[in-house]
Amino acid sequence: MYHAQLTNRYLTSRIIPLIAVAAVALCVALVITVVSVMSGFLDMLKKSGRTLMGDVVISYPIRGIGHYDQLIERLTALPEVAGATPVIDTYGLLRMPYPAGDQKEVVTVQVWAIDPATFNSVTRFDETLWWQPQSEEELKGLSETDPRRLIGDRIFENGRLLRDTRTDKPGIVLGMHVSVVNRRQTDGSYMPVPEHWWMPSHSVALTLVPITGGGKIAEPKEVVFPVVNEFFSGVYQIDKQRVMIPLSEAQQMLRMNEATLTDPDRLDDDGRPKVIGVDPAKVTKILVRAADGVSPEALRKIVASEYARFFEDFTSDGTNVVLPPEPDLVSVLTWEQLLRDLIGPVEKEREMMRILFSIIYLVCAGLVLSIFWAIVYEKTRDIGILRSIGAPRIGIVWIFLRYGLVIGVFGSILGLGLAWMVVTNINSIHHAIGEDAPAWSWRVSFGAAAAAAIAAVIAGRRHRLLGTLLWSIMVVTLVLAGVGLMLHRGTLIWDPSVYYFSVIPNVVDRFTAALTMVGAVIFSLLGASVPAAKAADTDPVRALRYE
């Protein structure tokens with residue numbers, strides 16, 4: 001019974017235990033915040049990778065995969081496959097409608113030519129379209145000038161189908177950051193600046209360079225597309241350079257559409273080169289999504305085997321003039337393997353951060369040890385009394401271990417709460433840092449400094465040196481903070497062009513939080529164990545004589 005009473009007395013009678021709790025809380029909050037952001041970045045990277053390209057990607061760049069429609073038909077018949085879609089992945093030049101005049105801006109873009117219907121089923125592309133009708137509840141949160149207030153179903157449907165339904169012309173969908181006029185607002189929305197450059201009301205000219213069968217560059221092809229919508233994937237590098245156009249349009253521009261094969265050395269009855277077959281339409285990629293319960297790696301093996309059988313069937317037929325690429329030349333990879341150059345280093349960096357920040361545990365242990373050592377030194381007579389009336393050594397040890405356990409548990413819980421507040425509001429904090437400090441902030445800081453200065457003078461007149469010193473330190477701190485706020489100009493810390501994503505991950509890593517809290521409690525106990533052992537070894541006779 002006396003263990004709980006003494007622990008409670010020691011905790012509530014001095015301010016020093018609160019310092020220990022605060023130190024543990026700050027250490028725990030630091031580790032959880034940093035590692036949660038790293039883990040969130042990795043999770044966002046993995047989630048976006050799977051969303052943008054499915055689970056498995058079959059690719060054969062430049063020349064493309066022929067007879068892809070038959071391959072997709074075979075793949076979708078497999079029970080392990082939920083869907084498959086053809087894609088042409090290439091690069092081109094995009095001439096923007098701005099600025100006014102003849103000298104228009106030209107940007108390099110990554111072009112994905114897609115079949116909208118099947119592409120949506122594999123990648124959920126329609127969910128990334130930015131300009132789409134808003135619900136009544138969503139409209140309440142939009143600013144008065146937000147273009148989404150005026151958008152009807154037509155804009156969204158045009159983007160989903162990649163077609164301007166008013167003119168029945170094929171359209172183009174741009175990544176949100178392809179156009180420099182799109183400015184991110186404080187609420188996370190986008191506004192065209194100036195407003196008349198809202199891209200879905202303009203057209204752009206796309207230039208692609210086809211490659212001949214001999215591997216040479218042919219004459220570039222330019223087509224004007226109306227911008228039917230813009231998409232926001234959240235991955236900055238994709239939103240800045242990727243555009244979507246209909247598959248059939250890209251096949252014509254790149255000479256990858258179906259064509260007749262002729263033999264110039266053989267003539268037909270009309271004296272023309274004899275037709276010997278058909279060169280099938282081609283694509284450079286096929287994205288495949290796994291059925292529920294099927295892992296990407298398992299699907300990769302199934303798709304690779306199916307492609308090998310597909311090629312074998314064409315070879316054994318003997319009537320096909322043009323064969324699909326050989327299996328050894330075709331890449332069949334999971335989305336994680338395609339992003340391994342990016343995912344691998346991030347995973348290693350996260351683990352390195354966990355290891356480096358484990359030093360924080362030693363800080364916790366050292367702080368608790370120092371504080372408890374001072375408490376043991378102060379409570380020598382109390383310990384002697386307890387030992388003299390028969391308290392066992394283990395009982396003395398348990399008092400201080402219990403003391404350390406309470407500090408570790410409360411510090412960990414407080415640290416978790418602090419980390420949760422920071423992580424969940426980290427984008428708001430980052431936005432506040434990115435703007436000039438408001439005038440009220442430095443005025444409040446200077447006002448508080450003036451109040452602390454008055455308190456320091458009062459403490460000095462009463463000849464209280466400690467109070468004067470503490471209030472003086474507070475005055476200096478508040479003045480420096482006020483000057484810093486007054487001089488602060490918006491600072492961009494999370495640069496999306498560096499960190500890939502437009503927002504900072506704001507979800508607490510539960511595994512890291514649990515591991516950090518347990519580690520803090522264990523090391524708090526370890527820090528308390530040394531002073532506890534010293535207290536247990538105290539000679540009661542010498543302790544009672546202690547001055």
Side-chain angles (χ1 to χ4, degrees), residues 87-114 116 125 128-132 145-148 150-151 154-185 189-211 217-233 235-256 284 495-497 502:
V87 172
I88 292 179
D89 184 2
T90 186
Y91 285 87
L93 295 177
L94 193 69
R95 189 173 72 248
M96 309 301 288
Y98 52 78
D102 296 332
Q103 300 297 321
K104 303 298 185 182
E105 181 177 353
V106 179
V107 296
T108 303
V109 291
Q110 180 191 28
V111 181
W112 268 31
I114 63 172
F125 170 64
T128 68
L129 293 175
W130 184 261
W131 307 112
Q132 53 182 288
T145 57
D146 195 315
R148 287 178 293 177
L150 306 175
I151 292 175
R154 181 183 60 81
I155 292 292
F156 174 69
E157 193 66 13
N158 288 353
R160 196 176 66 83
L161 299 175
L162 288 178
R163 183 163 292 275
D164 188 344
T165 53
R166 294 174 302 180
T167 60
D168 199 33
K169 290 182 178 181
I172 187 171
V173 173
L174 311 181
M176 184 56 69
H177 289 279
V178 170
S179 172
V180 297
V181 302
N182 289 329
R183 305 289 174 81
R184 187 175 177 86
Q185 306 300 301
S189 64
Y190 285 87
M191 289 283 291
V193 181
E195 294 181 11
H196 66 270
W197 287 123
W198 185 55
M199 293 308 295
S201 63
H202 295 275
S203 296
V204 294
L206 177 65
T207 302
L208 299 182
V209 180
I211 306 297
I217 295 177
E219 182 179 355
K221 178 74 172 178
E222 179 183 278
V223 174
V224 176
F225 291 97
V227 179
V228 292
N229 211 314
E230 293 175 286
F231 74 89
F232 177 75
S233 69
V235 183
Y236 181 82
Q237 295 298 329
I238 291 177
D239 294 338
K240 182 176 176 58
Q241 64 177 356
R242 185 173 295 177
V243 301
M244 306 286 188
I245 63 173
L247 181 63
S248 58
E249 297 299 315
Q251 287 175 328
Q252 292 180 14
M253 295 175 69
L254 294 171
R255 299 183 182 178
M256 298 180 72
T284 60
D495 186 352
S497 63
S502 300

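Bear in mind the structure is a predicted one, so any value in this text is a computation, not a measurement.
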Mind listing the closest non-hydrogen atom pair of [X] and [Y] along with its distance?
X	Y	result
P246	A113	O-CB, 4.0 Å
T90	L254	CG2-CD1, 4.0 Å
L129	G159	CD1-C, 3.7 Å
G92	V111	N-CG2, 4.1 Å
I238	F231	CG2-CE1, 4.0 Å

Main-chain N/O of [Y] paired with [X] side-chain donor or acceptor, under 3.5 Å:
X	Y	value
N229	W131	yes
K104	P99	yes
R163	D168	yes
N182	M176	yes
S203	V224	no

State, with a plain yes or no, whether a side-chain heavy atom of [X] is found less than 4.5 Å away from one of [Y].
X	Y	answer
T165	R154	yes
I245	V223	no
V180	M96	no
K221	Q252	no
V173	V228	yes
F125	P116	no
M199	V204	yes
Y98	H202	no

Report task. Kindly indicate, with the supporting measurements, whether the criterion side chain to side chain contact (heavy atoms under 4.5 Å, CB included) is fulfilled by V181 and V193. Result -> CA-CA 5 Å; V181 302; V193 181; 5.7 Å; no

Requested in this report: Check step by step if side chain to side chain contact (heavy atoms under 4.5 Å, CB included) holds for E230 and V178.
Outcome: CA-CA 9 Å; E230 293 175 286; V178 170; over 6 Å; no

Taking atom [atom1] of [X] and atom [atom2] of [Y], what is their separation to the nearest 0.5 Å?
X	Y	atom1	atom2	answer
M253	Q251	CE	CD	12.5 Å
L174	F225	CG	CZ	11.0 Å
N158	K169	CG	NZ	13.5 Å
M244	T128	CE	OG1	6.5 Å
W198	M191	CH2	CE	11.5 Å
Q241	L94	CD	CG	12.5 Å

Query raised in the report: Could you walk me through whether L93 and T108 pass the side chain to side chain contact (heavy atoms under 4.5 Å, CB included) check?
Result: CA-CA 5 Å; L93 295 177; T108 303; 3.7 Å; yes

Query raised in the report: Can you check side chain to side chain contact (heavy atoms under 4.5 Å, CB included) on R242 and Q110, steps first, answer last?
Result: CA-CA 5 Å; R242 185 173 295 177; Q110 180 191 28; 3.1 Å; yes

